[in-house]
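Remarks on the structure that follows.
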Amino acid sequence: MNFSTAALVLLPLSCSLLSLPLAAKCSKEFTAIADIQGPGTQSPLVGKTLTTQGVVLGILYQHSKQPMLLLQSVQPDDNPQTAEAILIADKELAGLYQQGQVLELTGTVRELQHMTALTNISHSSVCADQQPVRKTSLTLPVKQLADWESLEGHWLSLPQQLVVNDSYGLARYGELLLADKRLFVATEVTQPGKTASAFEQQQQLHEIVIDDHNNKQNAEPIAFPTGGLTAVNTVRVGDKVQGVEGYLVQTKAGYRLLVSKAPEFQSANPRQTAPNTKAADTVRVASFNVLNFFTGAGNNPQFPTKRGASNAEELKRQQAKMLATLTALNADVIGLLEVENNGEAADSAIATIVSSLNQQLGSAQYAFVSTKVKPGGDDIKVAMIYRKAVVSPIGEAAVNLDAPFNSGSRPPLAQSFRHPASGTEFIVSINHFKSKGSCPKQQMPDSDQNDGQSCWNPSRVKAAKALASWLASHPTGIQTPHQLVIGDLNAYRMEDPVKTLEQAGFVHLAGEDQHWSFVYRGRSGSLDHALASPSLAKQLTQFQHWNINADEPAVLDYNTEFKSKHQQQSLYAPTPFRSSDHDPLLMDFKF
C-alpha cells in the first residue's frame, strides 16, 4: 500500500506492547488480528473459530441497542496491507470492557456489512488494564481507494483542515461528506468521456464521510455543526472543518468515520443575504426554480398535491421562503421553473405567485406572461413574470409544443420585451430540459453511456438544437438580435446540450469563472445556465449565481416530515435559504 507523503503515521501516543505481562488466564498462543484481517477485502479465515488478543480501542454505538467493541492489535505487523483492528460483535461485552484493556477472545470470524468481525464469543478474559491505544494519522487524499480497507476499524486522526462537500444526509443519518477541497462534477470542468471518468476517479480519493456516531435516524439535536443545526446556525458546503477524528467503519454505503469527538466548524462560505446590487440603469433578468410550487387549485381534496407541499401549512412555509427569494432578486424579468401546470386562474400557481409577491411589495409591480395554450401535459411548467414599470411585453407569448418538447423536456416559453427607457427590444426564453433520472431499462441511445452525462443526453441535445432553431424563427413575431436562453438544462457546463447551444452562436454568460447552482452526491456544478446572442452578451454588466440553496442542508427547507415539533420551528425561517434545491441565476444588462 502506498500513501501520499506523510499520509499515514502513528501518533506519538502509540506504544509497543510486546513486553506487556499477560495474566495467567491469557494464552501465549493466539491468532493475530492482522492475520484475521488478511490483505484482501475479506478475511481469509471466515467461518473459523479461533482465539485472538487485542487492546480495546473503543466502543461503537455505545448508547444504542447494539453496541460493539473495536479491538486493536497488541503489536502491529509489518504488512501495510492488513488492518490492525477488528470488530467484536457482542453487545454484552461492549458493556463489560473499557478502552485500554487487553482482552483475549474466542469466537467465529464473519464479515458483517463488509467489516471483519468476531462473533459468537465463547470466551473472554482480561489480560491487562490501562494500556495505551494507537491513533493513526491520515492526510487526504489517499493514493488508492483500496487503502481504506487496510485502515478498517482504525482510530483515525486527520490533522488537516477539511471542507464540507455535502450535507444531504445530515438530518436523517447524522453524516457529512468532507474532502480536502471543494469537489466538482467532472463534466462541469472537463470533457465527457475518459477524461471525465479519470477526473471523477481521482476526486474519490479526496473524500471521507463523517458520522455522528449515532445509529438512530432523525436524531435530535442534529450533531453538526458545533452547537447543533438550526435555521440560523447552519453548515454550508464550502465550510471548513478541523479536529476530525474517529473510528473507520465500512457499511453498505461505504467507508465512514464515526467521530470520537466533536469536530470544529468554521464558516468559510458565509451566507449572502442578498444578491449583488443592481445598478439603477440596468435591466436584471433572473431564473429561479420554485421547487414544485403547487397550490392544488381544482383538486378535491386540495392536499396532498402531486408534488410540493403536503398540506396547507407546508404551502404557507414554502410560499414565504419563495417570496423572500423573489423579492430579494429585484429582477425585472424572472423565469420560473417547476410551477404547477394548473392554468392561469386566480388560484392557480402562477397567479398566486404574482398576487402574493405584489402583496408583499405593497403594489402591483409584477405581472405574469399569459399563454394562449396550455404548456404541455406535464404536472409542472416553466413560467415568466416581469416588472411592469421597467419592461413591456411585445408580440405574442410563444410556447413550443412540438417534438422534442412533447415528451420529457418541458415546452419552452419565450416572450419579447421592450425596455422603454432605451427603446431596446429583447427576447427571453425559459427552459427546463429532460432530467438525468429514470434511465431507460433497455439499452438505447438515451441510455447512460458512462461518459459522465448520464442518461437522456441525446434527448437534451435534440432539445437544444430545436430551441436554437425555434428562436431563430422569431416565434414571438418580434425580430430582434437580442436573445436570451435561461433555465435548467439538466446538463453541466461541458456537456453536449450546452455545447450545442454555443455552437448555434449563443454565448455562455458565466464565462470562465467557476460557478455552481446544484450539489449532488458531494459534487458541485451548474445545471442552470444563461446563454445570450452575441449582441446581447455585449450588454452584460454582471452575472451571478446566488448560492442560497445548493450549499445549505436540505432539512432547512419548508417540509415538516421527519421533524419534531421543536425542529419544525428551529429548522425553519421565512428566508431565502433553502427555498429550493437549485440556486437562482441573475444577469444585468445595460442598454
Side-chain angles (χ1 to χ4, degrees), residues 2-14 58 134-145 147-148 151 154-170 173-186 188-189 199-213 222-230 232-249 254-272 513-516 519-525 547 550-553 577:
N2 295 317
F3 282 90
S4 55
T5 304
L8 179 62
V9 297
L10 296 180
L11 295 182
L13 57 80
S14 63
R134 300 183 300 276
K135 288 184 185 178
T136 303
S137 180
L138 174 72
T139 302
L140 293 175
V142 293
K143 282 289 186 181
Q144 55 190 358
L145 292 179
D147 292 352
W148 291 114
L151 297 172
H154 284 221
W155 189 359
L156 297 183
S157 174
L158 285 79
Q160 70 201 113
Q161 189 175 64
L162 299 176
V163 178
V164 177
N165 272 269
D166 202 337
S167 59
Y168 186 78
L170 173 58
Y173 304 111
E175 63 186 28
L176 287 173
L177 180 70
L178 307 182
D180 61 326
K181 60 182 179 180
R182 187 160 192 149
L183 305 177
F184 283 88
V185 176
E188 178 70 23
V189 296
F199 183 89
E200 171 54 26
Q201 290 177 15
Q202 191 274 337
Q203 288 208 119
Q204 293 175 14
L205 305 177
H206 292 259
E207 63 184 10
I208 182 64
V209 173
I210 63 169
D211 186 291
D212 65 357
H213 210 157
I222 298 171
F224 309 129
T226 306
L229 182 71
T230 68
V232 294
N233 188 43
T234 188
V235 54
R236 286 167 55 87
V237 174
D239 282 348
K240 301 292 181 65
V241 189
Q242 290 182 307
V244 174
E245 65 175 53
Y247 307 108
L248 184 70
V249 301
Y255 291 99
R256 61 191 49 233
L257 207 62
L258 304 182
V259 296
S260 54
K261 70 171 187 177
E264 302 171 10
F265 289 83
Q266 175 187 348
S267 177
N269 179 26
R271 287 173 167 175
Q272 186 180 0
D513 295 337
Q514 190 67 69
H515 291 272
W516 61 89
V519 173
Y520 182 67
R521 293 184 176 177
R523 303 292 183 266
S524 300
N547 300 124
D551 290 345
E552 296 279 347
F577 304 107

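Quick caveat: nothing in here was measured; it's all calculated off a predicted structure. We're numbering straight along the sequence, starting at 1.
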Counting C-beta onward and ignoring hydrogens, is there a side-chain heavy-atom pair between [X] and [Y] closer than 4.5 Å?
X	Y	answer
His154	Arg134	no
Ile210	Pro263	yes
Trp516	Asp551	yes
Leu183	Arg523	yes
Phe265	Leu176	yes

Donor-acceptor pair, distance only, cut-off 3.5 Å: does the side chain of [X] make one with the backbone of [Y]?
X	Y	value
Gln161	Lys240	no
Asp239	Arg236	yes
Asn233	Thr226	yes
Arg256	Asp211	no

Subject >> Ring geometry between Tyr247 and His213 (parallel below 30°, tilted from 30 to 60°, perpendicular above 60°) >> reply: perpendicular
Let me confirm one number: the [atom1]-[atom2] distance from [X] to [Y], rounded to the nearest 0.5 Å.
X	Y	atom1	atom2	answer
Leu145	Gln204	CG	CD	5.5 Å
Leu158	Leu257	CG	CG	6.5 Å
Asn165	Leu177	CG	CG	5.5 Å
Leu248	Thr136	CG	OG1	10.0 Å
His515	Glu188	NE2	CD	9.5 Å
Ile222	Leu229	CD1	CG	4.5 Å

Subject >> Leu178 vs Val163, side-chain contact (heavy atoms from CB on, under 4.5 Å): CA-CA, chis, key distance, verdict >> reply: CA-CA 5 Å; Leu178 307 182; Val163 178; over 6 Å; no
Original post:
After noting the C-alpha distance and the side-chain angles of Val164 and Phe224, does the key distance pass the side-chain contact (heavy atoms from CB on, under 4.5 Å) rule?
Top reply: CA-CA 11 Å; Val164 177; Phe224 309 129; over 6 Å; no
Closest heavy-atom contact between [X] and [Y]?
X	Y	answer
Gly243	Lys261	O-CE, 3.4 Å
Pro270	Ser267	CA-OG, 3.8 Å
Ala268	Gly238	CB-O, 3.5 Å

**OP:** Would you please test Arg182 and Val519 for side-chain contact (heavy atoms from CB on, under 4.5 Å) and show each step?
**Re:** CA-CA 11 Å; Arg182 187 160 192 149; Val519 173; 3.9 Å; yes
**OP:** State whether the number of non-hydrogen atoms from other residues, nucleotides or ligands found under 6.0 Å of Phe184 atom CZ is greater than 12.
**Re:** yes
**OP:** With side-chain hydrogen bond (donor to acceptor under 3.5 Å, both in side chains) as the test, would you mind laying out the steps for Glu552 and Thr234 before giving the verdict?
**Re:** CA-CA 7 Å; Glu552 296 279 347; Thr234 188; 2.8 Å; yes
**OP:** Please assess Ile208 against Trp148 for the test side-chain contact (heavy atoms from CB on, under 4.5 Å), listing each intermediate value before the final yes or no.
**Re:** CA-CA 10 Å; Ile208 182 64; Trp148 291 114; 3.9 Å; yes
